[in-house]
Amino acid sequence: MIETRLSLGEARYLLQVLDLKLAPESPLADPLGGAAEVPAGSTAEAGVAKSLTSRGLLLSDGAPNPFAAAAMVWLAQPEKAWTLSLFGRGGAAMVHLAFKGGSAVECRRDAEGFLLRYPLPEAEAEGWLRLHVDGGRHGS
Amino acid sequence: MVLDAAFAPQANLGLKILSFFTTGAFFLITLFLKLCYSTALYATLAEISRRIALFRQTRRPALRALLLLPAVVVFCTAILFALNLWRVVFGSLDLKGFTQAFNPMDIIWVFLRGGFFLGAVALGAVLGLMVANHVTLGRDRFGGVLYKNRGRYLAFWFAAFSVCGLFRLLPWGFVTYWTVWVVVLAACLVTAAHWSIYGKVRSVAAATAPGLPAGGEIAFTLAAREAVALSALLRGRAPRDAEALARSLADPDPSWLAHPAWTAELRVLVQDPSALGAALEGLSVKGLAAKNGKGWSPAGPAARLRLMGFAETAAGLTVRKAGAARTVVLHLQGPSALLLEPGPATLGVREFPRGADAVAALVGAAEGRAG
């Protein structure tokens with residue numbers, strides 16, 4: 001499974017590069033729906049592009065890594081999205097699962113941005129949920 | 001004699017240099033200790049402020065904070081005590097006093113001072129245990145431990161640390177025997193109280209959840225106002241009249257039966273006694289509430305819900321698909337599981353038989369599948 005961490009700016013920039021509009025079901029719609037685009041040619045764009053390139057999420061020609069691109073497409077325009085909110089002795093947690101074409105991407109939001117895990121076959125989604133609920137039950 | 005006279009100035013100079021460096025070393029050591037003490041105290045005050053803000057938001061105590069605070073208080077008090085040990089135990093008696101006139105009265109005073117300090121330790125411990133005894137612990141709706149009477153605990157906390165902080169802010173000359181005595185008392189009080197509360201929190205947190213008690217099956221659908229009224233009924237143990245229930249609903253922390261989207265319904269029930277009465281009557285018709293001479297109380301399956309009290313884990317699953325969203329919440333406690341389906345105007349509550357696959361049912365219900 002691939003694990004990718006993206007800041008808000010990096011996620012916004014990847015959406016711009018891929019020319020993706022956020023669907024209402026998207027887990028990114030709430031945090032990024034009203035966010036301003038990264039201005040083309042700006043120092044901010046250069047910084048974001050440098051950060052993404054250094055981690056292999058952008059290729060040397062400026063195109064997105066195909067895996068990261070697929071995850072962003074699933075996240076931005078999912079056929080269906082789950083939001084799991086957990087409360088228990090271990091505290092509270094919220095995690096999203098966005099589905100498209102038989103696969104899913106897990107998305108967690110934190111103060112720094114997003115943590116993505118993918119790909120997850122749609123058939124394993126219930127097992128994924130069971131793992132989270134049982135984990136919460138044991139306080140982890 | 002001639003030799004002595006010739007070497008005397010050099011000896012004096014050597015002594016002066018030695019004295020200068022000794023005084024300087026002592027100054028630096030004392031400064032370092034004072035800085036350590038001040039840093040620890042300020043860090044403690046910052047930590048206390050942060051913990052109190054967190055505590056007021058969630059009403060949940062952080063277990064580590066319960067140990068951290070007395071540890072830092074004991075550390076700070078020990079340093080303050082060590083820096084003033086001679087003065088507070090031996091008073092004005094100095095080393096010369098020991099070597100010259102051996103006054104029996106001084107010895108008696110030293111023992112009296114030491115005895116009073118032991119009294120501060122004992123009194124602080126007893127007071128701390130008494131304070132902790134009055135701190136009641138309970139469960140919040142998701143099984144976390146909370147202090148029911150947090151106001152009293154916070155007042156005690158503020159008072160104890162204000163005393164400690166006040167004595168630290170006073171100039172050194174002001175630190176008399178009795179000020180140090182009170183600081184030792186406060187430190188022992190804080191330590192004993194936190195030690196006792198820590199044990200209580202651990203025992204409550206480690207208690208095994210019993211699950212739902214045996215009784216009639218829980219499977220009902222409520223209108224929004226009925227659900228809000230039932231949430232008020234489930235909070236208290238004794239029967240209550242409609243006015244008391246309305247006051248209970250005014251609390252901004254509703255039970256897990258009250259959907260966040262029903263704030264307007266909740267406000268109506270608080271302000272309109274007839275609306276609350278109608279909701280309670282509705283519950284009575286469904287066999288979920290009963291009225292006797294003392295007031296309303298839960299009945300039938302609702303009485304079982306009240307005995308359950310809290311959920312160890314609550315898992316809410318929202319499925320968004322084709323522009324629509326559906327949320328289902330699963331409450332787990334021990335071997336029991338409850339499925340809540342909050343809609344715009346209704347709340348469905350369903351109990352699962354022990355051993356049933358509640359997670360599969362959660363997915364099925366959220367996806368809108370039959371089952």
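Convention: sequence-line order gives letters A, B, ...; per-chain numbering from 1.
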Proximity breakdown for B:Ala322 and chain A, heavy-atom pairs closer than 4.5 Å =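 Answer is backbone: N, CA, C or O of B:Ala322 sit under 4.5 Å from chain A.
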If you take all heavy atoms of B:Val363 and A:Glu126, which pair is closest and at what distance?
->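 Closest heavy-atom pair between B:Val363 and A:Glu126: CG2-CG, 4.0 Å.
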Indicate the atoms forming the closest heavy-atom contact of B:Thr313 with A:Val133, along with that distance.
->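 Nearest pair, atom of B:Thr313 first, then A:Val133: CG2-O, 4.3 Å.
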Calculate, to the nearest 0.5 Å, the distance between atoms [atom1] and [atom2] belonging to [X] and [Y] respectively.
X	Y	atom1	atom2	answer
A:Arg130	B:Leu362	CZ	CG	10.0 Å
B:Leu317	A:His132	CG	NE2	12.0 Å
A:Trp82	B:Lys321	CH2	NZ	10.0 Å

Non-hydrogen atoms of chain B under 4.5 Å away: do they reach the side chain of A:Glu79, the backbone, both or neither?
-> backbone
B:Trp195 atom CH2, neighbour heavy-atom count above 12 within 6.0 Å = no
Within a reach of under 6.0 Å around CG of A:Asp30, are more than 12 heavy atoms found that belong to other residues, nucleotides or ligands?
-> no
